[in-house]
Amino acid sequence: MKPVEFRIGRGVFVLRLWPTLITGIMLIVLLGLGSWQVYRLHWKEGLLAEIAERLNEEPIDVDKFERIKEAEYRPVTATGTFDYTHEFYVNGFSLTGLGGYHIYVPMALKDGRVVLIDRGWVPYDKKLPETRPQAQLPGNIKVTGVLRVPHHRWMEPVSDPVKNDWYGVDLSAMAKVAGVKEFMPYILAADTKPNPGGLPIGGQTRVTLPNNHLSYAITWFGLAFALVVIYGVSAYRKVS
């Protein structure tokens, strides 16, 4: 197929089939990626606004909460007894960036159900319960915090249930270790109320989500613009 020429001023644009076809396909892909990031930007902004709204709600009793799809970041309270013989140690960082463990403890509620409580963070040398005996509270305990739905992280290291060495929350595996039929389908992350002795340190829930979609959109649209410029320069020919 012969090139198509368009004369503009003192020059001419020479449009060849394959360069034009390839450029068109690449342009559609880049514009599509940019548009997708704009969509994701609006979605993320809406999600952040929804989380902020939920965090400002009054806590309700976890016994009365059944809307699993709306569980994330919902303020709740739970009253029950801790099973300190089955603490779970999940590798993680504090909000200040220090390495250590998040202490998860099963709590038996009055209706027989069991919810897993994230009591907070401890440094490596305070992993074992005998190093923080003041926090082993007997009897019925009331805990206030927010609900979190466990999510498997990409490229998450493999946990070792036998050694009680975890890198994420696995409700099914942890329930098996604790000897209960099942945990409730979320965890309760305790608030900042201090535990006796100061550990674990609660209030470790991260309520900020990365929102880089605007910069991604600008990048894709910028590449699309650069592609058009490069194509235009390569197709333009001056004529005397």
Side-chain angles (χ1 to χ4, degrees), residues 1-57 67-75 90-100 102 118 121 146-159 166-170 185-187 189 203-239:
M1 182 177 177
K2 293 183 178 180
V4 178
E5 297 184 357
F6 294 93
R7 184 175 293 274
I8 299 179
R10 297 182 177 181
V12 62
F13 276 98
V14 181
L15 306 184
R16 295 178 174 81
L17 176 61
W18 287 110
T20 302
L21 182 61
I22 294 173
T23 300
I25 293 174
M26 293 177 63
L27 183 61
I28 291 173
V29 170
L30 292 172
L31 292 176
L33 291 171
S35 299
W36 169 246
Q37 290 301 328
V38 171
Y39 167 80
R40 293 283 292 176
L41 172 64
H42 294 311
W43 170 81
K44 183 63 69 66
E45 289 176 342
L47 178 60
L48 290 170
E50 182 179 347
I51 290 173
E53 183 178 349
R54 287 185 186 179
L55 288 172
N56 288 325
E57 295 178 356
R67 297 168 297 175
I68 307 302
K69 292 182 179 180
E70 301 175 15
E72 200 78 87
Y73 297 106
R74 184 66 172 82
V90 179
N91 290 269
F93 294 92
S94 69
L95 287 180
T96 58
L98 298 176
H102 286 261
D118 177 4
W121 174 90
V146 295
L147 291 182
R148 299 298 311 276
V149 178
H151 300 284
H152 180 76
R153 295 174 298 175
W154 186 68
M155 295 294 288
E156 181 177 277
V158 178
S159 299
W166 305 82
Y167 289 91
V169 175
D170 186 330
Y186 34 68
I187 60 176
Q204 298 295 312
T205 300
R206 299 180 186 274
V207 295
T208 57
L209 302 175
N211 188 8
N212 301 316
H213 299 295
L214 179 59
S215 62
Y216 295 155
I218 292 174
T219 298
W220 291 122
F221 288 135
L223 290 173
F225 177 76
L227 177 65
V228 172
V229 171
I230 292 172
Y231 175 78
V233 171
S234 65
Y236 185 74
R237 300 286 186 273
K238 287 186 177 181
V239 294

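Computed from a predicted structure; not experimentally measured. When a residue number appears, it is its place in the shown sequence, counting from 1.
Leu95 places none of its side-chain heavy atoms less than 4.5 Å from the side chain of Trp121.
In this structure, CG in Leu41 is found 12.5 Å from CH2 in Trp36, a value given to the nearest 0.5 Å. Tyr216 contributes atom OH, which lies 10.5 Å from atom CZ of Arg40 (distance to the nearest 0.5 angstrom). Rounding to the nearest 0.5 Å gives a distance of 9.5 Å between CD of Glu72 and OG1 of Thr205. Summarising the geometry, atom CZ belonging to Phe93 is positioned 9.5 Å from atom NE2 belonging to His102; distances are rounded to the nearest 0.5 Å. Interatomic distance, OG1 of Thr219 versus CG of Leu30, reported as 11.0 Å (0.5 Å rounding).
Closest approach of Ser159 to Gly168, counting heavy atoms only: OG-N, 4.0 Å. Of all non-hydrogen atoms in Asn211 and Glu45, the two that sit nearest each other are ND2-CG, 4.0 Å. Of all the heavy atoms in Pro150 and Pro185, the pair that sits closest is CD-O, 4.4 Å.
When the options Ile28, Thr23, Ile22 are evaluated for a side chain to side chain contact (heavy atoms under 4.5 Å, CB included) with Met26, the one that passes is Ile22.
A cation-pi arrangement is present between Arg148 and Tyr73, with the terminal nitrogen or guanidinium carbon under 6.0 Å from the aromatic centre and inside a 45° cone about the axis.
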Can you give me every donor-acceptor pair (side chain of residues 220-235, partner residue at least two apart or in another chain, under 3.5 Å) with its distance?
| unit_1 | atom_1 | unit_2 | atom_2 | d |
| --- | --- | --- | --- | --- |
| Tyr231 | OH | Thr20 | OG1 | 2.4 |
| Ser234 | OG | Ile230 | O | 3.2 |
| Ser234 | OG | Tyr231 | O | 2.8 |

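A donor-acceptor contact shorter than 3.5 Å is absent between the side chain of His42 and the backbone of Gln37. Remark: the backbone N or O of Ser94 is not paired with any side-chain donor or acceptor of Gln204 at under 3.5 angstrom.
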